[in-house]
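Inspection log for the structure reproduced underneath, given as structure tokens.
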Amino acid sequence: MATAAAAAAGILTSGRLTASIGGALHAHSVNLAFHSNLAAFSPKRFSPAAISFRPRCRPFACTALYKPDFSVKEEGTKETLDYRVFFIDSSGKKVSPWHDIPLSLGDGVFNFVVEIPKNSSAKMEVATDEAFTPIKQDTKKGKLRYYPYNINWNYGLLPQTWEDPSYANLEVDGALGDNDPVDVIEIGDARAKIGEVLKIKPLAALAMIDEGELDWKIVAISLNDPRASLLNDMNDVEIHFPGTLTAIRNWFRDYKIPDGKPANQFGLGNKPVNKDYALKVIMETNESWAKLIKRSIPSGQLSLA
């Protein structure tokens with residue numbers, strides 16, 4: 001029934017979306033039109049019958065006009081190998097923060113899943129190889145990983161994005177993607193919680209090259225931050241958060257040095273790039289994720305559940 005209703009509206013193509021409103025799952029608004037400025041959308045509306053489905057949408061097609069209704073559930077004890085943070089929908093089912101939370105909210109606003117709260121050092125990340133991709137603490141040789149010092153910003157991922165390890169980016173020294181969702185550095189004043197989903201607007205991007213792999217860092221601001229309305233592009237960051245872009249680059253350049261590893265490198269002239277370029281990165285990695293979900297690209301050990 002869900003598929004028929006959606007297909008009649010002409011909206012089922014590729015991608016996934018799970019939404020819950022008022023305790024019932026509804027398809028509210030899906031848009032096939034993608035504009036180059038990523039800001040103008042023309043949603044095709046249809047009656048929000050009580051249906052549950054994950055439509056296959058073109059990149060940036062799923063324009064969410066709602067707040068996804070879910071909660072987070074901790075399993076295990078923090079700072080142990082068994083600790084996981086799962087995302088649960090209103091029916092009690094587990095959902096994936098990587099695959100099931102919509103990327104775009106329209107008007108240049110995106111969902112951001114917090115993995116690491118600011119002023120903490122435990123290296124938390126979405127487990128891309130586990131069912132429902134819960135958040136867990138990263139490990140190395142069976143031991144929990146920590147940064148050598150606290151990270152100074154909220155850190156996490158853009159859902160429904162993927163850095164394709166088979167794609168060589170010729171603009172960034174031909175580096176291959178790192179096989180993960182795109183990272184976000186949220187520079188607002190408030191300290192977020194693990195598993196919190198914030199509405200953010202991108203401001204800049206850094207092309208970090210980590211051991212030969214391209215690992216994009218999108219610099220963004222939460223719409224909840226008091227200064228959010230003042231920041232609309234990279235230059236505004238320097239005005240209202242002076243020195244922050246340099247501090248971010250230096251932090252990610254140097255954080256492996258205490259472990260005896262070389263400093264990370266950065267492409268694109270070792271400098272941040274502006275909002276338009278950041279939006280281009282988001283669009284391209286969303287397209288890569290859509291191909292992954294459609295299995296147009298081998299998933300390897302990645303979980304698509």
Side-chain angles (χ1 to χ4, degrees), residues 74 76-85 97 112-128 134-158 163 175 178-198 200 202-222 224-225 227 231 234 237-238 240-268 270-273 278:
E74 295 179 298
T77 304
K78 285 184 178 179
E79 299 189 65
T80 69
L81 296 174
D82 296 328
Y83 181 69
R84 299 289 186 276
V85 177
F112 157 54
V113 180
V114 179
E115 295 169 304
I116 305 174
K118 68 187 297 184
N119 301 323
S120 63
S121 63
K123 193 175 186 304
M124 309 300 296
E125 63 178 18
V126 161
T128 57
I135 296 174
K136 69 171 186 177
Q137 189 166 350
D138 190 22
T139 60
K140 185 176 182 180
K141 296 181 179 179
K143 294 184 178 180
L144 298 172
R145 292 187 65 188
Y146 294 85
Y147 291 120
Y149 29 74
N150 284 350
I151 190 166
N152 303 316
W153 311 273
N154 295 310
Y155 188 58
L157 66 95
L158 284 175
E163 299 187 50
D178 72 348
N179 203 32
D180 282 326
V182 172
D183 295 327
V184 172
I185 301 159
E186 193 278 314
I187 64 175
D189 293 334
R191 185 176 190 265
K193 298 177 182 179
I194 296 175
E196 190 171 356
V197 178
L198 301 178
I200 56 100
L203 302 168
L206 284 159
M208 190 176 93
I209 303 174
D210 182 358
E211 298 182 20
E213 295 180 337
L214 179 55
D215 186 3
W216 286 106
K217 308 296 181 187
I218 302 295
V219 180
I221 186 76
S222 168
N224 293 331
D225 191 86
R227 288 179 280 182
L231 278 74
M234 182 174 68
V237 178
E238 194 58 37
H240 300 285
F241 290 77
T244 295
L245 292 173
T246 298
I248 290 171
R249 184 197 61 196
N250 293 349
W251 195 99
F252 283 93
R253 181 192 65 195
D254 298 340
Y255 80 89
K256 291 187 175 181
I257 293 177
D259 293 331
K261 293 185 176 182
N264 288 319
Q265 304 298 312
F266 290 86
L268 303 177
N270 198 38
K271 297 178 180 179
V273 289

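With contacts defined as side-chain heavy-atom distances shorter than 4.5 Å, the pair Thr128/Pro181 qualifies. Contact annotation: the side chain of Phe241 approaches that of Asp189 to within less than 4.5 Å [non-hydrogen atoms, C-beta and beyond]. Side chains of Ile200 and Ile221 form no contact here, defined as non-hydrogen atoms less than 4.5 Å apart. Side-chain contact between Lys136 and Tyr83 is absent, with no heavy atoms from C-beta onward closer than 4.5 Å.
For Phe112 and Tyr155, the ring centers sit 6.0 Å or farther from each other. Note: Trp251 and Tyr147 meet the aromatic proximity criterion, with ring centroids under 6.0 Å apart.
Put simply, CG on Asp225 and CD1 on Ile187 are 8.0 Å apart, with the number rounded to the nearest 0.5 Å. How far CD1 of Ile151 is from NZ of Lys123: 9.5 Å, rounded to the nearest 0.5 Å. Within the model, atoms CG of Asp215 and CE of Met208 stand 4.0 Å from one another, a figure rounded to the nearest 0.5 Å.
Contacts of Asn179 classified as side chain to side chain contact (heavy atoms under 4.5 Å, CB included), with partners at least two apart in sequence or in another chain: Trp162, Pro165, Leu302.
A side-chain donor-acceptor contact under 3.5 Å links Glu186 to the backbone of Ser222. Panel note: side chain Arg227, backbone His240; a donor-acceptor pair is recorded below 3.5 Å. The main-chain N or O of Asn152 is never found under 3.5 Å from a side-chain atom of Asn150 such that the two would form a donor-acceptor pair. In this structure, Thr80 contributes its side chain and Thr77 its backbone to a donor-acceptor pair below 3.5 Å. Asn154 places a side-chain N or O within 3.5 Å of a backbone atom of Lys118 that can act as its donor or acceptor partner. Looking only at distances, a side-chain donor or acceptor of Glu115 sits under 3.5 Å from a matching main-chain atom of Val126. Under a 3.5 Å cut-off, the side chain of Gln137 and the backbone N or O of Arg145 do form a donor-acceptor pair.
In terms of heavy-atom proximity, Glu163 sits nearest to Trp216 at OE1-N, 3.3 Å. The shortest heavy-atom contact between Tyr146 and Ala122 is CD2-CA, 3.6 Å. Nearest heavy-atom pair across Val114 and Ala192 is CG2-CB, 3.8 Å. Between Ala263 and Ile257 the shortest heavy-atom distance is CB-CD1, 3.9 Å. When all heavy atoms of Ala207 and Leu214 are compared, the pair lying nearest together is CB-CD1, 4.0 Å. Across every non-hydrogen atom of Pro272 and Met234, the tightest pair is O-SD, 3.6 Å.
Partner of Ile218 under the side-chain contact (heavy atoms from CB on, under 4.5 Å) criterion, out of Val182, Leu206, Leu203: Val182 alone. Checking Ile116, Val219, Ile185 one by one against Trp153, the side-chain contact (heavy atoms from CB on, under 4.5 Å) holds for a single residue, Ile185. Partner Asp210 forms a salt bridge (Lys or Arg N to Asp or Glu O under 4.0 Å) with one of Lys256, Lys217, Arg253 and no other, that one being Lys256.
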- Task: Could you go through the side-chain contact (heavy atoms from CB on, under 4.5 Å) check for Asn264 and Ile209 one step at a time?
- Result: CA-CA 6 Å; Asn264 288 319; Ile209 303 174; over 6 Å; no
- Would you sort out whether Asp183 and Leu158 count as a side-chain contact (heavy atoms from CB on, under 4.5 Å), showing the intermediate values? CA-CA 6 Å; Asp183 295 327; Leu158 284 175; over 6 Å; no
- Test side-chain contact (heavy atoms from CB on, under 4.5 Å) on Asn270 and Arg249 and set out the steps. CA-CA 9 Å; Asn270 198 38; Arg249 184 197 61 196; 3.9 Å; yes
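A salt bridge links Lys261 with Glu211: the closest approach of a Lys/Arg side-chain nitrogen to an acidic carboxylate oxygen falls below 4.0 angstrom.
More than 12 heavy atoms of other residues, nucleotides or ligands lie within 6.0 Å of CD in Glu196, so this atom counts as buried by the packing criterion.
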